[in-house]
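Counting starts at 1 for both ligands and their atoms, in listed order. Heavy-atom basis, side chains included; hydrogens, waters and symmetry copies ignored.
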Amino acid sequence: MGQQPKVYVTRSIPEAGLGVVREACQARVWQEKLPPPRQVILEEVSDCDGLLCLLSDEVDATVMDAGELRVISQYAVGVDNIDLEAATARGIPVGHTPGVLTEATADLTFTLLMAAARRIPEGIEKVQSGAWQTWEPMGLLGAQVWGATLGVIGLGRIGTAVARRGRGFQMRVLYHDTEHKWKLEEELGLIYASLEELLGEADFVSVHTPLLPETQQLIDEGALRRMKPQAILVNAARGEIVDTQALVRALEEGWIAGAALDVTDPEPISADHPLVRLENCIVVPHIGSATVRARERMAEMAAQNLLAGLRGERLPYCANPQVYQVIDG
Ligand code: DGY
């Protein structure tokens with residue numbers, strides 16, 4: 001039997017995937033709670049054939065050139081931390097984990113939406129602090145979700161799953177995307193809207209685009225000012241899609257009623273940041289895909305991608321399929 005390929009795994013992931021990697025490779029695994037420092041990644045990849053990384057690792061051309069990686073496998077669906085162009089130019093396929101975290105992330109998005117609408121964190125705080133003294137006729141009044149208008153920005157897998165949930169609550173669901181999704185419109189009863197229309201009409205605006213140069217700070221001051229004063233912004237996609245400073249002002253000055261965020265810019269966000277301190281903002285620590293089932297499937301897929309790349313086979317879930325034009329010449 002030939003020598004096993006060498007791989008570096010930047011954090012301990014569920015055994016469903018890690019076990020498979022360990023069996024087939026000489027795997028070195030970063031065991032700490034926080035991500036490995038950049039210098040460690042640069043040193044570790046220098047003799048590796050494969051890298052299994054997380055969204056908290058910056059994987060750019062310098063990392064790629066620090067060794068002779070044959071595959072990069074990301075334990076996430078989003079790959080904005082990886083320079084895909086640089087990987088493609090070097091003939092390195094990049095794997096990711098689409099599909100298996102869709103419903104978990106949509107569940108979390110809807111949880112955030114409802115928690116913000118019904119002011120759940122304020123209610124919990126009231127009980128825990130002993131401030132709850134009686135049933136209050138005017139206390140903690142929130143927004144009704146049932147029958148309200150939901151605006152979904154980005155009708156990909158997760159956006160669609162959120163739209164389905166909205167329809168389950170009899171919501172009028174507007175969506176904006178780079179193109180009409182006629183089949184889904186018909187199947188789910190969705191309404192296409194320009195970004196401006198969606199922002200102006202929705203009671204709940206939910207962001208589901210990938211982070212790309214064109215979606216960076218898509219929700220800027222202008223977008224926030226276009227929203228209704230009673231509207232709530234939900235972001236479970238990437239923090240950089242929303243202009244943080246503008247959002248703080250929008251929440252402080254009442255341009256919008258509230259926000260609920262699974263992702264932030266910066267991430268992690270400090271405990272004394274205004275977004276964390278504001279009563280009309282909920283922040284949770286990027287847990288969209290954090291169910292046992294989703295994370296196990298993500299680990300399995302990340303392992304499948306890694307091993308396929310090491311064997312020189314096409315990755316089953318490839319984020320830069322153009323790489324095969326480079327590889328196949
Ligand atoms: C992803 O996969 O991109 C999520 O943000 C984390 O699971």
(request) Specify the protein heavy atom at minimum distance from atom 7 (O) of ligand 1: its residue, its atom name, and the distance to 0.1 Å. (result) Ser289 OG, 2.6 Å
(message) Under 6.0 Å from the ring centre and within 45 degrees of the ring axis: does the NZ or CZ of Arg11 meet both conditions for the six-membered ring of Tyr75?
(response) no
(message) Any heavy-atom pair between the side chains of Cys53 and Ile82 that's under 4.5 Å?
(response) yes
(request) Give the single entry among Gln74, His96, His286 that approaches atom 4 (C) of ligand 1 most closely by any heavy atom. (result) His286
(message) Assess, by modelled atom type and distance only, whether the side chains of Thr209 and Arg238 contain a donor and an acceptor separated by less than 3.5 Å.
(response) no
(request) Would you kindly check if the NZ (Lys) or CZ (Arg) of Arg225 is within the cone defined by 45 degrees around the ring axis of Trp255 and under 6.0 Å from the six-membered ring centre? (result) yes
(message) Tell me whether Ala76 has any N or O atom under 3.5 angstrom from an N or O of ligand 1.
(response) no
(message) Using a 3.5 Å cut-off on N or O atoms only, is Thr97 in polar contact with ligand 1?
(response) no
(message) Using a 4.0 Å cut-off to any heavy atom of Met298, which atoms of ligand 1 qualify?
(response) 7 (O)
(request) Note the single closest protein heavy atom to atom 2 (O) of ligand 1, along with its residue, its atom name and the distance in Å. (result) Val77 N, 2.7 Å
(message) If we set the cut-off at 4.0 Å for heavy atoms, which region of Val263 has an atom near ligand 1: side chain, backbone, both, or neither?
(response) neither
(message) Within ligand 1, which atoms have a heavy atom of Gly78 less than 4.0 Å away?
(response) 1 (C), 2 (O), 3 (O)
(request) Only one of Arg165, Arg164, Arg157, Arg293 passes salt bridge (Lys or Arg N to Asp or Glu O under 4.0 Å) with Glu103; say which it is. (result) Arg165
(message) Once you restrict to heavy atoms under 4.0 Å, what part of Thr105 touches ligand 1? Side chain, backbone, both or neither.
(response) neither
(message) Arg295 versus ligand 1: do any nitrogen or oxygen atoms come within less than 3.5 Å of each other?
(response) no
(message) Using side-chain heavy atoms (C-beta onward) and a distance below 4.5 Å, is His208 in contact with Val152?
(response) yes
(request) Kindly confirm or rule out an N or O of Leu55 lying under 3.5 angstrom from an N or O of ligand 1. (result) no
(request) Measure centre to centre between the rings of Tyr317 and His96, then say whether the value is under 6.0 Å. (result) no
(request) Would you please say whether a donor-acceptor pair under 3.5 Å links the side chains of Gln74 and Asn305? (result) no
